[in-house]
Amino acid sequence: MGSGAAWFDADGDGWPDLLLINSKDWTPKGRRSLSALYRNNKNGTFTDVTKASGLDVEMFGMGVAVADYDNDGREDVYITALEGDRLFHNEGGWRFKDVTKAAGIANADFGTSAAFLDFDRDGNADLLVANYVQWTAKGDLFCSMDGNSKSYCTPESYKGVPPKLYRNRGNGTFEDVSKKAGIAEANSKALGIGVFDVNGDGWPDVFLANDTQPNRLYRNNKNGTFTDIAVSAGVAFSEDGVARGAMGAAAADYDESGRAHLAVGNFSNHMLGLYHNEGNGLFVDEAPRSTVGRSSLLSLTFGLFFFDYDLDGRPDLFAANGHIDEEIGRVQPKIQFKQLPLLFHNDGKGKFSDVTKGAGLTNAYVARGTAYADYDRDGDLDVVVTSNHGPVVLLKNEGGNANNYLSLRLQGKKSNRSALGTVVRIGKQWQTVTSGTGYCSQSDLALTFGLGKEATVAKVEIEWPSGARQTLTNVKTRQHLVIAEP
């Protein structure tokens, strides 16, 4: 499987810090394996501040999501773990307190990705957790590609586990409303979460990327419940009606249509899913007839996201790839265990080109989670990639800031403090503040708009979940701004 990473402003100084999630050894070997918290030193370097942070807890960690769930001005951390998820309250001063039990969180169901969202728009950040399969070390099955050596069983060998939705009561505790909300689908084997507004009604909908099970697309009914519309929307299966091995998910309006489209990372020989939102309740997978599909056919994609790496005003697509079987090359010579990431440049009008090698991405990894942030505050977005049984990779964006930008960090007041669900519009561009990124990871909550050669933005329009509307005029570019809800 593999763990993820999160960029978040742990100390509120406006600079993104980094949290790396790790697993642990099955048997004690005299060493502890911990997640790692790195403080941004504001000079291009980081300092490991894990020790005594409260996050220095050994667990078989998988995913991470970050938001200010109690609206106290500090970003809190949720970590999914095989033996039981943990919620850590940010106490300030680089100290985090485990409040899992006190908050009413109880999820020991092989949690993978997680995301905070205000699904009922009451001003409090709720929590969605993707769960995978019913598995234990003792109940592990023996599977083999060649009849001799052990390899990983496919997910069909195990029963699925329903996702969980926790409603934030606003008093520091959460209520499990999974069944009430209609998302407790027992056949789910979810690895990725995509939170986005499918139909443009201002309410967050949810996509769950399932591994060998139909994907789910839950439309928010605005009354605390959801309806699965994945089959009718065309995102449950591949074009030939097969449930693919889906991992990460991401959404963005990549063609200035005013609608959010969907990308899904899939298993090798399945190619990426690039679902175009037609605006009539239907999505069409454009990958099979595009560069995105052709370039990703042999890749096994876990983490992915949309971001504007060259700040030209169009969201590009990044995918982190790596196979699950070290010996895959013996069975399928065209597929490698370590794989190159993929970077697709948005050429406009919904077309992408593969610029991976030209962008300097020439090293292969057994990649899993990936997330972006402007860690050096030079305007362009940098990338972190986690790898299985290997080092983390920090990819610094060199030269993306040749174009102008505007970075906006939003703070809700009547809305949830993390501003989840807030929509910002600059011309035809628009972005939504969203927790959770691709697979088991989270990018910085600040929104970065690429503005090409524009020196001034005539109008920035902000739509808060509370219903408030805010407009900024004649804003100079090449700035990092913090905007508080009126």
Side-chain angles (χ1 to χ4, degrees), residues 1-8 18-24 33-37 55 57-67 69 75-88 96 98 100 105-117 125-133 135 155 160-166 174 178 183 188-195 206-211 246-250 264-265 301-305 320 322 324 366-373 384-388 392 420 434-445:
M1 301 298 295
S3 306
W7 291 105
F8 74 114
L18 181 60
L19 176 62
L20 304 173
I21 308 302
N22 284 308
S23 63
K24 64 179 182 180
S33 176
L34 305 174
S35 295
L37 178 63
L55 296 175
V57 179
E58 190 170 35
M59 65 181 100
F60 200 98
M62 292 293 299
V64 57
V66 177
Y69 77 86
E75 294 184 336
D76 310 297
V77 175
Y78 186 87
I79 299 177
T80 62
L82 185 64
E83 67 274 28
D85 301 352
R86 307 283 189 100
L87 176 63
F88 295 93
F96 292 80
D98 188 338
T100 311
I105 301 293
N107 189 63
D109 295 316
F110 205 152
T112 53
S113 294
F116 285 97
L117 72 162
D126 310 300
L127 176 65
L128 177 66
V129 184
N131 290 317
Y132 193 43
V133 297
W135 181 90
V161 183
K164 282 191 177 177
L165 178 64
Y166 289 100
F174 291 80
S178 311
I183 71 158
S188 291
K189 297 177 181 178
L191 292 177
I193 296 174
V195 179
V206 172
F207 176 83
L208 287 180
N210 278 323
D211 193 359
M247 264 63 82
V264 181
T301 301
F302 274 84
L304 78 169
F305 51 73
I324 62 170
V366 187
R368 294 298 184 256
T370 185
Y372 63 82
V384 68
V385 179
T386 67
S387 64
N388 242 15
V392 68
L420 301 172
T434 308
S435 163
T437 303
Y439 168 80
C440 286
S441 299
Q442 178 162 321
S443 295
D444 189 11
L445 292 178

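Counting begins at 1 with the first residue of the sequence.
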Taken to the nearest 0.5 Å, the spacing of Met59 CE from Leu82 CG works out to 12.0 Å
Ignoring hydrogens and angles, tell me if any N or O in the side chain of Asp76 forms a donor-acceptor pair with the backbone of Tyr69 under 3.5 Å. yes
In chain order, what residues pass the side chain to side chain donor-acceptor pair (under 3.5 Å) check against Tyr78, with sequence neighbours excluded? Asp85
By side chain to side chain contact (heavy atoms under 4.5 Å, CB included), Ser3 pairs with (sequence neighbours left out) Ile21
Any chance you could measure Ile79, atom CD1, to Ser35, atom OG, to the nearest 0.5 Å? 4.5 Å
List in chain and number order the residues that pass salt bridge (charged side-chain N to carboxylate O under 4.0 Å, His left out) with Glu83, two or more places apart in sequence or in another chain; answer none if no residue qualifies. Lys24
Given 3.5 Å as the limit, does a donor-acceptor pair link the side chain of Tyr166 with the main chain of Ala106, or not? yes
Within the distance-only criterion (no hydrogens, no angle test), does the side chain of Arg368 pair as donor or acceptor with the backbone N or O of Met1 below 3.5 angstrom? yes
Restricting to side chain to side chain donor-acceptor pair (under 3.5 Å), what partner residues turn up for Thr301, sequence neighbours left out? Asn321
Report the distance from atom CD1 of Ile193 to atom OG of Ser435, rounding to the nearest 0.5 Å. 8.5 Å
Taking only residues two or more places apart in sequence or in another chain, which ones pass ring pair (Phe, Tyr, Trp, His ring centres under 6.0 Å) with Tyr132? Phe110
With sequence neighbours excluded, what pairs up with Thr370 under the side chain to side chain contact (heavy atoms under 4.5 Å, CB included) test? Phe305, Phe318, Ala320, Val383, Val385
Contacts of type side chain to side chain contact (heavy atoms under 4.5 Å, CB included), residue Asp98, not counting sequence neighbours: Arg86, Phe88, Thr100
Results of side chain to side chain contact (heavy atoms under 4.5 Å, CB included) for Ala250 - residues two or more places apart only: Leu304, Phe306
Residue set satisfying ring pair (Phe, Tyr, Trp, His ring centres under 6.0 Å) with Phe116, at least two apart, ordered chain then number -> none
Is the side chain of Glu75 donor-acceptor paired with the backbone N or O of Phe8 at a distance under 3.5 Å, no angle test? no
NZ/Lys189 to CG/Asn131 distance, rounded to the nearest 0.5 angstrom? 13.5 Å
Please list, chain by chain and in numerical order, all residues satisfying salt bridge (charged side-chain N to carboxylate O under 4.0 Å, His left out) with Asp444, sequence neighbours excluded. Arg409
Please list, chain by chain and in numerical order, all residues satisfying side chain to side chain donor-acceptor pair (under 3.5 Å) with Ser387, sequence neighbours excluded. none
Excluding sequence neighbours, so at least two apart, what forms salt bridge (charged side-chain N to carboxylate O under 4.0 Å, His left out) with Lys164? Asp109
